[in-house]
There are 4 protein chains.
Amino acid sequence: MINRVVLVGRLTKDPELRYTPSGVAVARFTLAVNRSFSNQQGEKEADFINCTVWRKPAENTANFLKKGSLAGVEGRIQTGSYEGTDGKRVYTTEVVADSVQFLEPRNSSGGDRPQQGQPYGGGSNQNNQYTSTQQNQSPNQQNYTRVDEDPFSSGSGPIEVSDDDLPF
Amino acid sequence: MINRVVLVGRLTKDPELRYTPSGVAVARFTLAVNRSFSNQQGEKEADFINCTVWRKPAENTANFLKKGSLAGVEGRIQTGSYEGTDGKRVYTTEVVADSVQFLEPRNSSGGDRPQQGQPYGGGSNQNNQYTSTQQNQSPNQQNYTRVDEDPFSSGSGPIEVSDDDLPF
Amino acid sequence: MINRVVLVGRLTKDPELRYTPSGVAVARFTLAVNRSFSNQQGEKEADFINCTVWRKPAENTANFLKKGSLAGVEGRIQTGSYEGTDGKRVYTTEVVADSVQFLEPRNSSGGDRPQQGQPYGGGSNQNNQYTSTQQNQSPNQQNYTRVDEDPFSSGSGPIEVSDDDLPF
Amino acid sequence: MINRVVLVGRLTKDPELRYTPSGVAVARFTLAVNRSFSNQQGEKEADFINCTVWRKPAENTANFLKKGSLAGVEGRIQTGSYEGTDGKRVYTTEVVADSVQFLEPRNSSGGDRPQQGQPYGGGSNQNNQYTSTQQNQSPNQQNYTRVDEDPFSSGSGPIEVSDDDLPF
DNA sequence: TTTT
DNA sequence: TTTT
């Protein structure tokens with residue numbers, strides 16, 4: 001059984017960071033991945049792929065990525081379902097990311113990226129009090145490939161926002 | 001922009017083969033991919049991933065795979081939407097396969113698999129006349145990696161059901 | 001920076017299991033992956049891809065896979081070099097697997113699969129005295145996605161030989 | 001049999017473009033992919049992965065990428081061998097790319113990139129006449145997913161350098 | 001609506 | 001509900 005996904009695309013909006021009641025960070029965002037072929041009207045379309053990432057990479061995602069950021073995602077497809085408001089079952093498909101990679105030169109999208117200490121669910125890297133949120137997924141099902149000492153340090157090249165240095 | 005998916009899992013049902021008005025084959029099936037980790041109740045869950053494949057590999061899929069078959073899929077995630085019966089927009093996420101691979105020894109799941117000698121294009125699992133179906137996707141957006149002269153010939157090992165030898 | 005590989009193929013020989021001086025298991029094997037297209041002489045060729053796997057999945061690989069086994073591999077490409085016997089630098093490229101999956105029905109290749117307690121570098125799951133071997137790669141660079149309680153227990157379907165339940 | 005690779009990294013040098021005797025373009029380059037973890041000395045290493053790409057994407061690669069460019073590659077691992085100068089067999093492992101993606105903003109690495117207006121097939125980095133080269137691989141084993149009308153047209157975002165619009 |  |  002193999003389930004592997006690799007994506008490179010752009011965030012359609014700023015990522016949303018939440019915390020589970022037990023304090024586990026989870027970020028959600030949508031990646032727009034432009035198709036390389038045109039449709040019958042000659043237009044280039046895109047796929048809009050919902051992604052979820054847990055723990056430290058979630059916080060890094062919230063801190064380093066924003067609307068329009070070019071990002072790489074490695075993960076797996078996860079399906080689920082929930083009861084819709086009309087009582088009908090709604091089926092969901094998303095990508096659960098093991099790692100998220102910032103693929104933009106450091107200076108390229110200057111300005112309004114959220115600063116350290118800013119809100120985003122209350123959780124920056126160093127200021128992460130935990131907000132109360134429903135947890136419907138085990139957080140420890142993730143595996144994190146990477147250890148980043150200080151993602152703020154190095155000034156150039158793509159930034160790896162995955163992390164294994166978990167505070168819980 | 002990269003969008004790549006690799007799956008290995010089992011078909012939850014026999015694949016469904018259809019033809020577009022212009023005669024392009026399209027097969028749909030769901031792959032059950034067991035997760036490698038357990039949830040908080042200690043149960044192993046699975047993801048149920050909807051897959052679509054076009055043209056010759058669609059026909060091969062219908063001819064060689066059935067409920068329970070172990071299959072490999074390479075493709076990309078495609079999102080879309082349609083108007084629901086209640087007028088609300090319904091968003092969809094599926095995998096569009098470039099190739100589908102039969103990963104079962106030839107003899108392993110005997111019995112009711114469609115037999116050879118059936119005509120291609122006549123060998124769908126159920127209704128193989130050219131049915132009328134909305135085509136909202138260019139069929140030639142697919143790329144097929146493989147050319148299989150005679151998928152019936154070799155008697156052992158996994159069978160590659162991708163194909164470039166398209167009749168249209 | 002993304003480096004992801006997914007392979008499905010057959011072992012060309014029994015895997016080789018070794019232990020580093022510090023007792024870390026490492027298995028090596030070569031996967032034959034048949035190409036899906038033919039060369040100019042009309043022959044189907046294969047790629048022979050060297051794979052390395054560390055720790056528990058290494059032991060599982062040695063215990064469950066043998067020459068001819070159909071296996072799935074997820075990992076990354078790793079390059080390196082060493083001093084050849086003639087003093088020249090030799091460059092190497094291999095796949096370092098995060099996980100290895102046994103894709104064969106339990107009964108399909110019966111018989112001579114190595115039993116528990118058998119040699120293979122001395123290392124089965126429960127009988128793993130450590131042999132002396134050069135370690136030229138950090139073992140903790142691996143990430144293991146899976147936890148398998150008892151890989152001997154379940155009697156059907158593909159067997160996940162990845163594992164996080166590490167004894168060191 | 002599945003053999004899929006996805007890489008994102010930087011070219012270690014300008015790509016080398018050659019033509020086979022029959023006029024098929026082939027570009028070679030090496031991607032440096034930084035590892036996300038550190039070795040035992042605490043240093044971050046990289047893998048240096050040799051890549052080959054055929055036909056139109058080869059020309060696009062030569063035209064759009066240069067030393068230091070951030071690129072995405074989708075392809076497969078290919079192994080081979082040749083007779084070394086000392087008569088010994090030398091084994092090779094490389095990635096044959098189906099598509100190569102330029103992941104850098106248009107303006108980001110200015111300077112000596114080949115300018116537009118240069119002829120395709122005349123715009124190789126170095127010797128762009130049709131050189132005589134051994135062809136030991138069928139060029140039509142490649143599949144190209146994409147059609148790019150005019151890769152020079154759109155002025156922003158990552159540039160898809162794959163192409164199906166082949167002149168032979 | 002799910003496979004072994 | 002979508003990015004450049």
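Every chain is numbered from 1 and lettered A, B, ... according to where its sequence line falls, protein lines coming before strand lines. As a basis for the values below, the full set of heavy atoms in this structure was taken, side chains included, without hydrogen atoms, waters or symmetry mates.
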Next item on the list: Under the salt bridge (charged side-chain N to carboxylate O under 4.0 Å, His left out) rule, collect the residues that match up with B:Glu43, sequence neighbours excluded.
Entry: none
Identify which nucleotide among [options] has an atom closest to any side-chain atom of [X], counting heavy atoms from C-beta outward.
{"X": "B:Ala46", "options": "F:dT3, F:dT2, E:dT3", "answer": "E:dT3"}
{"X": "B:Phe48", "options": "E:dT4, F:dT1, E:dT2", "answer": "E:dT2"}
{"X": "A:Thr12", "options": "F:dT2, F:dT1, E:dT2", "answer": "F:dT2"}
{"X": "B:Met1", "options": "F:dT3, E:dT2, E:dT3", "answer": "F:dT3"}
{"X": "B:Asn34", "options": "E:dT4, E:dT1, F:dT1", "answer": "E:dT4"}
{"X": "B:Ala32", "options": "F:dT2, F:dT4, E:dT3", "answer": "E:dT3"}

Checklist line | Under the side-chain contact (heavy atoms from CB on, under 4.5 Å) test, residues paired with A:Asp47 that sit two or more places apart | finding: A:Arg35, A:Ile49, B:Asn3, B:Arg76, B:Gln78, B:Thr79
Distance check needed: [N] [atom2] versus [X] [atom1], whole Å only.
{"X": "A:Arg28", "N": "F:dT3", "atom1": "CZ", "atom2": "P", "value": "21 Å"}
{"X": "B:Asp14", "N": "E:dT2", "atom1": "CG", "atom2": "P", "value": "16 Å"}
{"X": "B:Glu104", "N": "E:dT3", "atom1": "CD", "atom2": "P", "value": "15 Å"}
{"X": "B:Ile77", "N": "F:dT2", "atom1": "CD1", "atom2": "P", "value": "19 Å"}
{"X": "A:Lys67", "N": "F:dT3", "atom1": "NZ", "atom2": "P", "value": "5 Å"}
{"X": "B:Lys13", "N": "E:dT1", "atom1": "NZ", "atom2": "C1'", "value": "6 Å"}
{"X": "A:Glu83", "N": "E:dT1", "atom1": "CD", "atom2": "C1'", "value": "15 Å"}
{"X": "B:Leu31", "N": "E:dT3", "atom1": "CG", "atom2": "C1'", "value": "9 Å"}

Check: Does a side-chain heavy-atom distance below 4.5 Å link D:Arg4 with C:Val8?
Finding: no
Next item on the list: Pick base, sugar-phosphate or nothing for B:Gly9, based on heavy-atom distances below 4.0 Å to the nucleic acid.
Entry: nothing
Margin query: Can you tell whether the side chains of B:Arg10 and B:Glu104 come within less than 4.0 Å, N to carboxylate O?
Written below: yes
Next item on the list: Determine the minimum heavy-atom distance between A:Leu11 and A:Ala71, stating which atoms define it.
Entry: CD2-CB, 4.1 Å
